[in-house]
Amino acid sequence: MDENRLTARLTESDRLAWQKKLWQLLRLQTERYTMGQSTSVHENTARALLRSICFSLDQLHQAQPERDLLAQPPEALLRESAETVRRQTARAKLQYRRACRCLYQEESLSLASTLRDIGGFFRAYDPQFFAAEVPCGIDYQLARPVPEDLLGVAWLRAYLDRLLTEDAILRRFHPDAVRRVLTAVSPDHRELLLNLYEPVAAAALGVTLGEGNLFTLDITAEGQARLTGRLAALPLAEDRRRLLCRAGETLARRLELKGGETRCLLTSAADLAPRVEAVLAAGGGWQPIFPAFT
């Protein structure tokens, strides 16, 4: 996020006024960063300070959209925007505590490592001067990556929110069934940068389409054959994509998913469409996507 987001909907005169305000804020923040010793720093540091100011102001604007930030004194803007980021950081810490209870950490070294590293975020994060940074390593891949325009603690909160959503869906299935699917899809999944939710969601969608056993996540060989016939009978790829999405809606109802969880599952259903088309084109070998155990 940069000053463009702050000034996107402003008139030309207000945009110029904001640019002037930002330079005032940068000068004041630089003086504070150097503890009054200087109003100039290395170019990279100045860019990082300005990026942090813009990010923090955007967080303040989202918290108080009706407020005219341009009319506020620079000192007040810096103080209040930093306080807004601190509140976001406190909320992120609550999310992190919940994430530390993710059910299948032993099934992914990258998930366990990422959760440990996020703990260091709260020690290293600087909401006053470098609020746009994410000072920790994130190796575990989500099914839906966090948007690239999010920064700092806003990025971390979005990451944790998506991680918790995936964990909530995984908890709807029997642990033995989850582990069996993960092993069937990738025997080395513990050591790989593999998302745990995606293969389980795919298997559950296959079971829904093939009328298999949702408790065991076993579509069965008969169900795979039934699925091939059902999909091949549809003339268009778009028809098959719609069928996947309807299966997602059915599965969401069966699992009694909430709003964000339902949206996550429906996205997964739509994302399966290209893989389904590839399998059909190759003759219908469903085992890598919809594994059968009987």
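Using a 4.0 Å cut-off between charged side-chain N and carboxylate O, E83 and R79 make no salt bridge.
Dense packing is recorded around OH of Y125, with more than 12 heavy atoms of other residues, nucleotides or ligands lying under 6.0 Å away. With a 6.0 Å radius and a threshold of 12 heavy atoms from other residues, nucleotides or ligands, R171 has its CZ atom above the threshold. E106 CD: more than 12 foreign heavy atoms inside a 6.0 Å radius. Atom CD of E75 is surrounded by more than 12 heavy atoms from other residues, nucleotides or ligands within 6.0 Å. Summarising the local packing, CZ of R32 is surrounded by more than 12 heavy atoms from other residues, nucleotides or ligands at distances under 6.0 Å. For R67, the CZ atom counts as densely surrounded, since its 6.0 Å shell holds more than 12 non-hydrogen atoms of other residues, nucleotides or ligands.
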Run the numbers on L217 and L214 for side chain to side chain contact (heavy atoms under 4.5 Å, CB included), then give the verdict. CA-CA 5 Å; L217 289 176; L214 194 57; 4.3 Å; yes
Please lay out, stage by stage, how R27 and E31 fare under the test salt bridge (Lys or Arg N to Asp or Glu O under 4.0 Å). CA-CA 6 Å; R27 181 181 178 88; E31 187 175 359; 5.8 Å; no
Begin from the C-alpha positions of L196 and E166 and carry the test side chain to side chain contact (heavy atoms under 4.5 Å, CB included) through to its verdict. CA-CA 8 Å; L196 300 178; E166 292 180 7; over 6 Å; no
When you look at E198 and V185, which way does the side chain to side chain contact (heavy atoms under 4.5 Å, CB included) test go after all the steps? CA-CA 10 Å; E198 265 187 319; V185 171; over 6 Å; no
Between R246 and E249, does a salt bridge (Lys or Arg N to Asp or Glu O under 4.0 Å) hold up when you go through it step by step? CA-CA 5 Å; R246 288 198 296 273; E249 293 169 354; over 6 Å; no
Evaluate the criterion side chain to side chain contact (heavy atoms under 4.5 Å, CB included) for residue pair D117 and Y140; output intermediate values, then yes/no. CA-CA 11 Å; D117 287 350; Y140 183 70; over 6 Å; no
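One finds the CG atom of L163 at 6.0 Å from the CG atom of L115 (value rounded to the nearest 0.5 Å). Rounding to the nearest 0.5 angstrom, the gap separating the CZ atom in R144 from the CZ atom in R263 is 8.0 Å. To the nearest 0.5 Å, the span separating CG on L60 from CG on L69 amounts to 5.0 Å. Interatomic distance, OG1 of T267 versus CG of L272, reported as 11.5 Å (0.5 Å rounding). Going from atom OG1 of T183 over to atom CZ of R190 covers 5.5 Å, rounded to the nearest 0.5 Å. The CD atom of Q24 lies 10.5 Å from the CG atom of L78; values are rounded to the nearest 0.5 Å.
Two residues are said to be in side-chain contact when any heavy atoms from C-beta on lie closer than 4.5 Å; Q95 and L156 fail this criterion. Side-chain contact between R241 and E277: absent, with no pair of heavy atoms (C-beta onward) separated by less than 4.5 Å. By the 4.5 Å heavy-atom criterion applied to side chains, T294 and T216 are not counted as neighbours. Side-chain contact between T228 and V279 is absent, with no heavy-atom pair separated by less than 4.5 Å. Considering only heavy atoms from C-beta on, L25 comes within 4.5 Å of L22 through its side chain. With contacts defined as side-chain heavy-atom distances shorter than 4.5 Å, the pair W286/I219 does not qualify. Side-chain contact between E261 and L255 is absent, with no heavy atoms from C-beta onward closer than 4.5 Å. Inter-residue side-chain proximity for N213 and F293 is flagged as unmet; no heavy-atom pair is nearer than 4.5 Å.
With hydrogens and angles disregarded, a donor-acceptor distance shorter than 3.5 Å links the side chain of Q29 to the backbone of Q128. Under a 3.5 Å cut-off, the side chain of R179 and the backbone N or O of Y104 do not form any donor-acceptor pair. Judged by distance alone, with hydrogens and angles left aside, the side-chain atoms of T220 form no donor-acceptor pair with the main-chain N or O of G212 at under 3.5 Å. R98 places no side-chain N or O within 3.5 Å of a backbone atom of L94 that could act as its donor or acceptor partner. One N or O on the side chain of S52 and one on the backbone of F129 form a donor-acceptor pair closer than 3.5 Å.
Between L142 and Y159, the shortest heavy-atom distance links the atoms CD1-CD1, 3.4 Å. For the pair V153 and F55, the tightest heavy-atom approach, listed with the atom from each and the gap, is N-CZ, 4.1 Å. Here the closest heavy-atom approach between residue A204 and residue T208 is recorded as O-OG1, 2.8 Å. Across T165 and G260, no two heavy atoms sit closer than the pair CG2-O, 3.8 Å. In this structure, R162 and P147 approach most closely via the heavy-atom pair NH2-CD, 3.5 Å. Closest approach of Q224 to P291, counting heavy atoms only: NE2-C, 4.0 Å.
A single hydrophobic cluster is not seen to contain both L194 and Y197; linkage of ILVMFWY side chains at heavy-atom distances under 4.5 Å, directly or through other members, places them apart. By the criterion of side-chain heavy atoms lying less than 4.5 angstrom apart, applied directly or through intervening Ile, Leu, Val, Met, Phe, Trp or Tyr residues, V200 is not grouped with L164; the two fall into different hydrophobic clusters. By the rule that hydrophobic residues join a cluster once side-chain heavy atoms approach within less than 4.5 Å of another member, F290 and L234 end up as members of one cluster. V181 and L103 fall within a single hydrophobic cluster, where Ile, Leu, Val, Met, Phe, Trp and Tyr side chains are chained together by heavy-atom contacts under 4.5 Å. The cluster map of Ile, Leu, Val, Met, Phe, Trp and Tyr, joined by side-chain heavy atoms under 4.5 Å apart, puts I289 and L266 in different clusters.
Side-chain atoms of D58 and Q62 form a donor-acceptor pair, as typed in the model, at a separation below 3.5 Å. A donor-acceptor contact under 3.5 angstrom links the side chains of T84 and R87, judged on distance only.
Between F130 and Y33, the ring centre distance stays below 6.0 Å.
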